[in-house]
Amino acid sequence: MLHRKYIGALGALAMSMALAACGTSATPTAAKPAKSNSSASTGPASSSPTPQTALLTKSQLTSALLSLSQMPAGWSTEGDSSSGGKTFCDYRQPHKARIQVSRTFQKGGGLTATVATAGIRQYASAGDAAESFAAMEKALETCHQETYKGSVLKYSPMSVDKLGDQSLGVRIDSDGSTVLQQFTLDGPALINVGTGGLTNAEADTATKLLRDQVDRYEAAARK
């Protein structure tokens with residue numbers, strides 16, 4: 001039971017970092033177009049509108065999250081969330097996410113328990129999302145270790161699939177546990193998927209789930 005609780009706490013920590021709260025979320029009253037880059041760039045994306053990408057409501061974003069039916073065999077749903085307060089080394093985000101949603105899954109128990117999280121942060125425009133992604137990327141260039149709630153967290157860059165406009169990965173090690181976090185910038189949204197465990201963080205699962213989550217978001221947002 002202790003290991004199960006610890007893995008649950010570590011998974012919650014990873015999701016908190018992935019979906020760091022920026023203040024009160026606001027649901028748009030109408031779909032507002034925003035621009036999406038077709039490839040990664042070193043500067044912020046333009047916020048000029050295109051008809052392919054629309055801002056979604058909180059209900060639409062929640063529906064776009066990975067569901068239990070999309071998970072491999074053996075997983076159960078742990079719950080949904082709409083907030084998080086921790087960022088890597090407490091870096092300051094340049095923009096507030098208008099809406100943020102996440103879902104947590106768990107497989108197994110005890111020493112073999114594994115947690116998976118999927119989340120979407122939607123900003124007012126593709127430009128705001130790109131600047132927020134750039135701020136996280138810059139923070140991770142110098143943020144390699146910190147202490148949070150008595151635990152030492154070590155961060156290492158991790159290779160990821162090139163999805164959306166830009167992607168990055170972070171390996172988080174703490175007290176013998178590992179969380180693998182992957183982030184993709186996709187138009188006005190930051191999409192993340194993470195897996196974690198004491199004995200197996202399931203990198204292949206995280207990679208597949210990120211692809212699936214990006215596909216589900218794009219199917220919902222680009223109609």
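Quick caveat, the model's predicted, so the values are computed rather than measured.
Between His144 and Leu140, the closest heavy-atom pair is CE1-O, 3.8 Å. Closest of all the heavy-atom pairs between Asp175 and Ser151 is OD2-OG, 3.2 Å. Between Cys89 and Glu146, the shortest heavy-atom distance links the atoms N-OE2, 2.9 Å. Closest approach of Ala129 to Gly187, counting heavy atoms only: CB-O, 3.5 Å. Annotation for Thr178 and Arg171: closest pair OG1-NH2, 3.5 Å, computed over non-hydrogen atoms. Residue Leu65 comes nearest to Gly119 through the heavy atom pair CD2-CA, 3.9 Å, listed as atom of the first residue, atom of the second, then distance.
Distance check, rounded to the nearest 0.5 Å: OH of Tyr91 to CD of Glu141 gives 12.5 Å. Rounded to the nearest 0.5 Å, atoms OH (Tyr217) and CG (Leu61) are 7.0 Å apart. Of the inter-residue distances, the one linking Leu153 atom CG with Ile172 atom CD1 reads 7.0 Å to the nearest 0.5 angstrom. Taking CZ from Arg216 and CG from Leu209, the interatomic distance works out to 11.5 Å, rounded to the nearest 0.5 Å. Atom CG of Leu163 sits about 8.5 Å away from atom CD of Glu218, to the nearest 0.5 Å. The distance from atom OH of Tyr148 to atom NZ of Lys86, rounded to the nearest 0.5 Å, is 6.5 Å.
Leu55 places a side-chain heavy atom less than 4.5 Å from the side chain of Pro188.
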The test is side-chain contact (heavy atoms from CB on, under 4.5 Å); show your working for Thr87 and Gln93 and say whether it passes.
CA-CA 9 Å; Thr87 59; Gln93 299 182 86; 3.7 Å; yes

Pair Ser167-Thr184, side-chain hydrogen bond (donor to acceptor under 3.5 Å, both in side chains): steps then yes or no:
CA-CA 4 Å; Ser167 296; Thr184 291; 3.0 Å; yes

Checking Met158 against Gln181 for the side-chain contact (heavy atoms from CB on, under 4.5 Å) test, could you report, in this order, the C-alpha distance in whole Å, the side-chain angles of both residues, the deciding distance, and whether it holds?
CA-CA 9 Å; Met158 183 179 69; Gln181 277 285 2; 6.0 Å; no

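For the pair Gln213 (side chain) and Ala64 (backbone), a donor-acceptor distance under 3.5 Å is present. Remark: side-chain polar atoms of Thr147 are not paired, donor with acceptor, to backbone N or O of Val152 under 3.5 angstrom. The backbone N or O of Lys96 lies less than 3.5 Å from no partner atom in the side chain of Arg121, so there is not a single donor-acceptor pair. A distance-only check finds a donor-acceptor pair linking the side chain of Ser76 to the backbone of Gln106 [under 3.5 Å]. Under the 3.5 Å distance criterion, the side-chain polar atoms of Arg103 are matched with a main-chain donor or acceptor of Leu66. Panel note: side chain Gln166, backbone Leu185; no donor-acceptor pair is recorded below 3.5 Å. No donor-acceptor distance shorter than 3.5 angstrom exists from the side chain of Glu131 to the backbone of His95, with no hydrogens or angles considered.
Counting only N and O atoms by type, the side chains of Ser67 and Ser69 include a donor and acceptor under 3.5 Å apart.
Two different hydrophobic clusters hold Val160 and Val193 under the rule that ILVMFWY side chains link at heavy-atom gaps under 4.5 Å. Side-chain heavy atoms closer than 4.5 Å link hydrophobic residues (I, L, V, M, F, W, Y) into clusters, and following such links, even through other members, never connects Leu190 to Leu180. In the hydrophobic cluster analysis, where Ile, Leu, Val, Met, Phe, Trp and Tyr join through side-chain heavy atoms closer than 4.5 angstrom, Leu168 is grouped together with Tyr123.
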